[in-house]
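As structure tokens, the structure follows; a few thoughts come after it.
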Amino acid sequence: MDSTAIPSITALWDEVFGSQPDPDLWVVIATLVAALAVVVPHSLWRLSRNAITIAHEGGHGLVALLTGRTLTGIRLHSDTSGLTVSRGKPHGLGMILTAAAGYTAPPLLGLGGAALLGADHITLLLWLSTLLLIAMLVMIRNAYGALTVILSGAAFLLVSWLTGPQVQAAFAYAVVWFLLLGGVRPAFELQAKRARGGAGDSDADQLARLTHVPAGLWFFLFHLVSLCSLIGGGRWLLEL
């Protein structure tokens with residue numbers, strides 16, 4: 001075995017799992033403002049919401065696998081909708097957790113990312129995100145979905161390999177702020193759409209049929225998870 005291999009592996013391990021310095025507070029604030037700028041205006045949200053859909057459908061897929069279901073495919077559409085198909089019992093805890101994972105996935109991923117950044121693991125966050133996107137790409141079943149995931153993964157990979165610590169930190173904080181803020185809006189949008197008579201087969205409606213718990217209570221859970229994640233994650237990012 002090459003004597004240089006062990007030092008190289010050790011150096012890579014230290015780089016990925018080691019800690020990196022915190023960015024300046026102005027960088028944290030600037031990335032918060034940037035995230036708000038692509039979440040609040042409707043015109044930009046129509047585009048940026050594709051990234052939330054990736055997290056949403058990825059949440060369905062990951063929990064399906066963790067609960068023993070067979071994941072058959074994920075589709076992402078240009079209107080920012082998506083579909084995750086899995087095989088298994090059409091009822092029971094596994095199906096309930098899989099259905100509940102969609103709207104809760106983006107804010108919980110943001111909260112997990114904030115925890116990593118709060119512990120100064122910027123590089124680890126970027127690498128984990130890249131690996132999750134690569135794993136998701138295997139299950140994508142349409143061209144638009146594949147393109148969206150490839151572009152997202154390429155962004156993480158390029159930032160990880162080609163940029164310095166300050167750019168990596170700014171990118172990581174912007175992504176986590178986006179997940180935390182962008183994770184709040186979809187449940188409110190869905191609730192408004194249902195109030196107008198649309199989205200009759202939403203995740204909340206499926207959960208209501210599976211559990212005999214009213215859809216309104218599932219919306220309350222979605223809001224609770226997203227808002228608590230935003231508050232908790234925001235405190236970690238701002239080190240309050």
Side-chain angles (χ1 to χ4, degrees), residues 20-59 76-82 102-118 122-123 125-126 128-130 132-133 144-145 147-160 162-193 222-240:
Q20 292 78 40
D22 290 327
D24 295 332
L25 180 59
W26 74 265
V27 174
V28 180
I29 300 299
T31 54
L32 167 59
V33 173
L36 283 169
V38 297
V39 169
V40 175
H42 182 68
S43 57
L44 291 177
W45 173 243
R46 290 179 60 188
L47 178 62
S48 65
R49 198 182 192 280
N50 284 282
I52 296 296
T53 303
I54 291 175
H56 179 115
E57 300 302 332
L76 306 173
H77 304 131
S78 59
D79 63 355
T80 73
S81 66
Y103 281 93
T104 56
L108 289 177
L109 286 172
L111 183 63
L116 286 175
L117 294 181
I122 296 170
T123 303
L125 170 67
L126 296 175
L128 283 176
S129 301
T130 304
L132 286 172
L133 287 166
Y144 182 83
L147 177 62
T148 304
V149 174
I150 289 171
L151 290 176
S152 300
F156 279 94
L157 191 61
L158 290 173
V159 169
S160 300
L162 301 180
T163 65
Q166 292 187 356
V167 174
Q168 290 182 13
F171 180 80
Y173 271 78
V175 167
V176 172
W177 275 124
F178 173 73
L179 287 171
L180 291 171
L181 293 165
V184 173
R185 185 166 176 173
F188 283 102
E189 290 180 331
L190 177 61
Q191 203 165 11
K193 189 174 183 179
F222 296 159
H223 294 318
L224 182 66
V225 170
S226 63
L227 292 173
C228 288
S229 296
L230 175 58
I231 294 169
R235 289 178 63 88
W236 273 328
L237 294 178
L238 295 170
E239 297 184 340
L240 297 176

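Just so it is clear, the structure is predicted and the values come from calculations on it, not from any experiment.
Aromatic ring centres of Y144 and H77: separated by at least 6.0 Å.
Contact annotation: the side chain of S160 never approaches that of T123 to less than 4.5 Å [non-hydrogen atoms, C-beta and beyond]. Between L125 and V176, the closest side-chain pair of non-hydrogen atoms falls below 4.5 Å. Using a 4.5 Å cut-off on side-chain heavy atoms (C-beta onward), F171 and T163 make no contact. Using a 4.5 Å cut-off on side-chain heavy atoms (C-beta onward), L117 and W236 make no contact. Between V27 and Q166, the closest side-chain pair of non-hydrogen atoms is not below 4.5 Å. Between L44 and V39 there is no side-chain heavy-atom pair separated by less than 4.5 Å. Using a 4.5 Å cut-off on side-chain heavy atoms (C-beta onward), I54 and L133 make contact.
In this structure, the separation between CG on L32 and CH2 on W177 is 4.5 Å, given to the nearest 0.5 Å. Distance check: L109 CG to H56 NE2 gives 12.0 Å after rounding to the nearest 0.5 Å. With rounding to the nearest 0.5 angstrom, the CG atom of L108 is 10.5 Å from the CG atom of L179. We find the CG-CG distance between L128 and L116 to be 6.5 Å, quoted to the nearest 0.5 Å. I231 CD1 to S226 OG: the interatomic distance, rounded to the nearest 0.5 Å, is 9.5 Å. Distance OG1/T130 to CZ/F156: 6.5 Å, rounded to 0.5 Å.
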Next item on the list: Assess whether side chain to side chain contact (heavy atoms under 4.5 Å, CB included) is satisfied between F222 and Q191, documenting all intermediate values.
Entry: CA-CA 11 Å; F222 296 159; Q191 203 165 11; over 6 Å; no
Notebook entry, point to check: Under the side chain to side chain contact (heavy atoms under 4.5 Å, CB included) criterion, do D22 and E239 qualify, and how do the steps go?
Noted result: CA-CA 10 Å; D22 290 327; E239 297 184 340; 2.9 Å; yes
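Listed here is the closest heavy atom pair of G183 and P107: CA-CD, 3.9 Å. The nearest pair of heavy atoms linking G233 to L111 is N-CD1, 3.6 Å. Here the closest heavy-atom approach between residue A105 and residue G59 is recorded as CB-CA, 3.7 Å. L36 and P41 get closest at one heavy-atom pair: O-CD, 3.7 Å. The shortest non-hydrogen separation linking P186 to I52 is CG-CG2, 3.9 Å. The nearest pair of heavy atoms linking A172 to I122 is CB-CG2, 4.0 Å.
Under the salt bridge (Lys or Arg N to Asp or Glu O under 4.0 Å) criterion, no residue pair touches residues 166-179, with sequence neighbours excluded. Pairs of residues two or more places apart, or lying in two chains, that qualify as salt bridge (Lys or Arg N to Asp or Glu O under 4.0 Å) and include a residue from residues 44-56 are R49-E189.
The main-chain N or O of S81 is found under 3.5 Å from a side-chain atom of D79 such that the two form a donor-acceptor pair. Judged by distance alone, the side chain of T53 and the main-chain N or O of G82 form no donor-acceptor pair under 3.5 Å.
Of the candidates T104, V184, L180, L180 is the only one forming a side chain to side chain contact (heavy atoms under 4.5 Å, CB included) with S229.
Using the six-membered ring where Trp is involved, F178 and W45 have ring planes that are tilted, between 30° and 60° apart.
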